[in-house]
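Sequential numbering from 1 along the given sequence is applied to the chain's residues. Atoms considered below: every heavy atom in the structure, side chains included; atoms not considered: hydrogens, waters and symmetry mates.
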Amino acid sequence: MRGITLISSWASHLQSANITGTTFDLDENAIYVSSERDNLDGQVEVELWKIEQPGGPNQRPSDPELVTKFHSLSSANGLKAPQTISLRFVAETRQIAAIMRSGDVIMVSIEESEATYEVEGTFESGILAASWNPDESVVAIITDAPINVGWGSKQTQFHGSLGKTAAQATPKIKVGTSPDDDDLPRISWRGDGTYFVVSSVSPAKDPDSPAHRTLRVYDRQAVLQSTSEEVAGLEHTLSWRPSGNLITCTQRFGFEGGGAGREGRHDVIFFERNGLRHGEFSIDTDKLDVKGKGPEYSSERRWGYKVRELVWNSDSNVLALWIEGDGGDVVQFWTTGNYHWYLKHEVAAPTSSPNEPGRFTSLLWHPELALHLTLTTSTNIFQRIYSWDTFVSQTAPPNDSGTVAVLDGSTILLTPFRSQNVPPPMSSFQLSVYPDPSQSSLTPAAPTPAYVSFSPENDAMGVIWEHGYVEIWELKTRLLPGPGKIMDPSKVWSGVLGTKKHVRWRQLSLKFDGTYTITALGTTMGDQHDTVSVFNVKDASENLFALPFQNCRLLVGAVEDIYQGPDGAVFQHDPEHELTAPVARFAEFCVNVHRIVTGSKTLYVGLSKTGKLYASNADDKHRIISTIATSFTVVPSFIIFTTNAHEALFVPISTLPAVFEEDSGVAMEVKPDWAVRKVERGSRIVVAVPSTMSLVLQMPRGNLETINPRPLVMEVVKQDLDAGNYRKAFFACRKHRIDLNVIVDHDPKALLERIPSFVDQIPEVEHLNLFLALVGRGHNTPEFIAKICDTFIAELEKRDLTHYVNSILTAHVVKTPPDHEAALSLLLRLRDSDPSVVEEAVKYIIFLVDANQLFDTALGMYDFSLVIMIAQHAQKDPREYLPFLRELRALDKYYQRFRIDDHLKRHEKALKNLSLAGPERFEEAVSYVERHRLYESALRIWKGTEQYEDILDSYGDWLFERREFRQAASVFVQAGRAHKAMMSHEKALEWQELFDLAVLHNTDEEDLVSMGYRVAEELCSKKRYMEAGRVLLDYTKDVREAVIAFVQGNGFSEARRIISLNALPQLLKDVVHPASLESRAQLAEDISEMREQIRKQVTRLRELRIKKIEEPDAFYGIEDNAALQNVDVMTDVSMAPTAFTRYTVAPTATSRSRTSRSKRKMERKVGSGRKGTVDEEEYLLRSVTKLVDRFNTTQGEVRGLLPHLFQFTDEHREEGLELQNDLAAFEEEMKAALDEIWARPAETEGEPTAEGWAARMAEIEKSKAINPLDKVPKPDMSQAKDWRVNLLEF
């Protein structure tokens, strides 16, 4: 669907020259031109000219400069043919090879100050054809010396008995050559340089076997590979497609020796490498303006024209036909798609005078720039640079037709993709256009238009030809489905632009504001500025002015007076004041440019030939959106572009201003809000039609694919929702498989307010059911879903309950949780008011909800008729439910409901109904409560009744069994069960509540004492010695046991107080003194253990830290690999794990998120502190922290014991002093150890920098490692400062 449009052209002139050939110097961007002149000595003089273009093809070339001259003998071979057969710049040797028809091979050295030439060799017989292979390593030459090689004549070849007879048989059809054949051989190489083909004339053997052309394929060693079949009328033209699949020639029909067909038929035919035919297409000679009237007017061209040469461009996409006619020369560009050949463009040779036809002398495609063509006349060199372009309608929604125009000669193929998707080569409409010959200027007219443009304001199309002829057509495209023509074009104006002659027009823009205004862009040969014509059709007024640059580009669409210069600068030109204002700038020239307005900002987006998609603003800033773009288009809310990664990306226009905040010169990464969709390999955008939410893509082979991308669909859906057009949005979502919840999510508040309008637009019950069902399955909160459903229910019931019953049922059951009872209640209402619709409604709700669930719900409503109706329509077996229903019917009301609720496992509701069944059911209710543990519900039901205490008693027993003694005691107290309450208090060791309750209930003294001993024993087992002593003292009156309990808990002060109070001094000697010594011994033992532990841990920490510094690899368990020393480069694959890998937190390719189980396992692993692991240091630090806590506890115990040891005997005093000194010494040792352990090493300056890749990586990883000192804080020992008894030291 693409056309070829001219974007740049340059002309160079050689005075009094006869140009015959050109060649490219790709290293210096130069063109070398050969010019021939015959002298009186029978020699040909060749001048070699150089045209430099160092700035590239977009910059003006230099004036031609004469490089050298050389001469050679003139040859009579090839009458009127150039004497220079081949002109080639050999890049490796920096020489130009000129192969002459006389047989000389001349090499011109370019590197020398004065370009010298040398005849490398001469073929005495002369040279008929020569061609270099693409890599310039081999040259194929055909001489004029006859050599008989091969199998000999056909009659002398061995064919076998049958084959010989067939070979000697006279052929029935004569195979000859075309009268326009020049009889010269041709050579063409395949693109990879592996094979070349030779087209030569085989001589006539007899009158029945005239001379004819034959193709022979050779490899690069000149070994024959294949010979073509005989083709009548095969001509001299020859070109092997660089991609290698086709050998191209031409064939004439309708004469003796020619192809079988009508006279005048002329085909371009194709061969495979094996010599077999492979398709063809016909040249439309009837529309060839340079065609003469026949042999009576020209002896050289029997049909008034002939094909001089045909040449493929470097990427094999364009075939150029050089046609020589009586009226001049023309070059046609042919492309193919979907097995159809399109005539895309024509270039007519300029005339030097009105009486002489224009002639080309050579044609050469650029070897690297695929659409760069060099044409020469006898005195001029033309460089024409083309680009692919798609002619697309510019109208905005809702009038966008998506019309695409495809040029095929003088026929424009039109397809409005909004209405039809017609695959090429077919089209919706074929519009024939042809320039008026009487309105052509001195430049010969070519029937193929140069450019097609559409008006952005209406459905009109403008067509322009190179010589300035313009036609305006109103297409009248049918946008909506229906009968009638898809379009009915009518020509509204035609004419020629301007009074300025010799302008080659190349681009057109069409505007309509009540009248048509044409803006055309062209170039005059030799002029350094582009010419612009602004023509008003209504008053036939024209404004001609020049732009400040040459080879500019006119921005088409809804823009005015905006142009792009050859360097990528976008500017606005005011012709009235001759002012130029820059509006944007790209880093390079972009063929396709669109203007985008977002908010108050204007941006320009362009795609260059290199695949870079640029965005630029008014500040001359540009950003690269992508570096691999292949095509792009702009719709109201998105920039859509395809990439060579086979993806289509959708960039929201609203996000474009933010891209200028990023760094320039770097391609942006794909943003999260850019939608990405995979497309077929090589897909390119043809057109986007926002109104139909479609994007048309063309595959490399030519077929089309129309897709509906989610961003385009969602944009239209959002617009419809904002406008309240719910029906269109609904069907768009349904058609394109978009979740209907977007209708809710877009604006929930507006939807709730517009539900009446929603129902008005979508009255179909099945559509409402679908919408409500998907809303119920959406991600909104249950409360919001219920609100929407209730609003729909209210609206539908108000309109027509009977008609919308299924929708109302759907709204009930899609709630979370489903409201099945409300749905069944609706059925009950309908059963009474409109029984006729109930049956269908029941079937529908059974379709929505599981029948068994509905059966249970109906049963839970205690309506047996509804139960039976559901069961019957669900086709349940009566034997399954009728006996159960009969049994229920025989029961009284509340017990019946109890049985139903119990069956449905609604235990709380069942218990309520059972409580209403009468007092005689109380025991059963208690059993039911105990069985299903419904104590809280039972307490609420029977509160304030006589049975309440029984329920409490049962509840307390259940708590006691669960060992919740404290809760059970409270329940038993409330129930008045004192004995059970005291048992619970005793089990809970709530001894204050226990003895309070025992005294209040007058417990016997003996039982009270026994209870005291039991409780004291339990308290001692829990190490609650002080409480045990209090119980023994208060309730058993056993002072000795109480004192023993107090001293066991280090309560020496309390024990001494009790002894003094009860006047039992003997207990001081018998119990307290020995106990204090035992306590002192225990504390001394604890201090000794702590001292031993801290010393071992300090020693181990010293070893670990020394080893970590001196031998880090050994410390972390990684052996040093000598092979990695001084390695500066290492791939990710070969990199060994470093010693610090386990400390890093950066994700890797194989990392996975940890589960809670793995985290707990890791914590246990760190806490284990296994010796030799990297976790050992952290484990030791945490162990020292725990040791400090233990020391603080021991210090407190010593503080409480020392005053008593001071007051007892001398032995106790000595033991106390020893204990105090021991603890003080350990305290100092402990503080010193802590200071050493948590001391951070000072950072040393001037350390040598690590050398080698592995060492540097290790240093980086080491810096990332977490120091254990940062994970474990230093513990505090300054909690008790006055623990000593100073008198012990005197």
Distance (rounded to the nearest 0.5 Å) between I385 CD1 and L373 CG:
10.5 Å
Mind checking what makes ring-ring contact (aromatic ring centres under 6.0 Å, His included) contact with F281, not counting sequence neighbours?
W334, W341
Among residues at least two apart in sequence or on other chains, which ones pass side chain to side chain contact (heavy atoms under 4.5 Å, CB included) with R37?
E47
For Y342, the ring-ring contact (aromatic ring centres under 6.0 Å, His included) test, sequence neighbours excluded, returns H340
Flag the pair R265 and D267 as a salt bridge only when some basic side-chain nitrogen lies within less than 4.0 angstrom of an acidic carboxylate oxygen.
yes
Closest heavy-atom pair, S314 versus A370, reported as atoms and distance to 0.1 Å, is OG-CA, 3.3 Å
With sequence neighbours excluded, residues passing side chain to side chain contact (heavy atoms under 4.5 Å, CB included) with H366
F24, L26, E368, L369, H372
W49: which residues meet the ring-ring contact (aromatic ring centres under 6.0 Å, His included) condition with it, sequence neighbours left out?
none
Is the terminal nitrogen or CZ of R273 (NZ for Lys, CZ for Arg) located under 6.0 angstrom from the six-membered ring centre of Y195 and within 45° of that ring's axis?
yes
Any ring pair (Phe, Tyr, Trp, His ring centres under 6.0 Å) involving residues 199-220? Give me the pairs, sequence neighbours left out, ordered by first then second residue.
F196-Y218
Listed by chain and number, what are the side chain to side chain contact (heavy atoms under 4.5 Å, CB included) partners of R359, not counting sequence neighbours?
R301, E324, D329, P357
Sequence neighbours left out, what passes ring-ring contact (aromatic ring centres under 6.0 Å, His included) with F89? Give chain and number order.
Y32
Set of residues satisfying salt bridge (charged side-chain N to carboxylate O under 4.0 Å, His left out) with respect to D181, sequence neighbours excluded
R213
Which residues pass the salt bridge (charged side-chain N to carboxylate O under 4.0 Å, His left out) test with R190, not counting sequence neighbours?
D192
Among residues at least two apart in sequence or on other chains, which ones pass salt bridge (charged side-chain N to carboxylate O under 4.0 Å, His left out) with E124?
none
Under-4.0 Å salt bridge between D180 and R302
no
Hey, is E466 close enough to R506 for a salt bridge, meaning N to O under 4.0 Å?
no
Can you check whether L413's main-chain N or O pairs, donor with acceptor, with S427's side chain at less than 3.5 Å?
no
So does N18 get a backbone contact from the side chain of S35, meaning a donor-acceptor N/O pair under 3.5 Å?
yes
Considering only NZ, NE, NH1 and NH2 on the basic side and carboxylate oxygens on the acidic side, decide whether E256 and K174 come within less than 4.0 Å.
yes
For residues H345 and Y386, establish whether the separation of their ring centroids is below 6.0 Å.
yes
Residues two or more places apart in sequence or in another chain: which of them pass side chain to side chain contact (heavy atoms under 4.5 Å, CB included) with A129?
I142, P185, I187
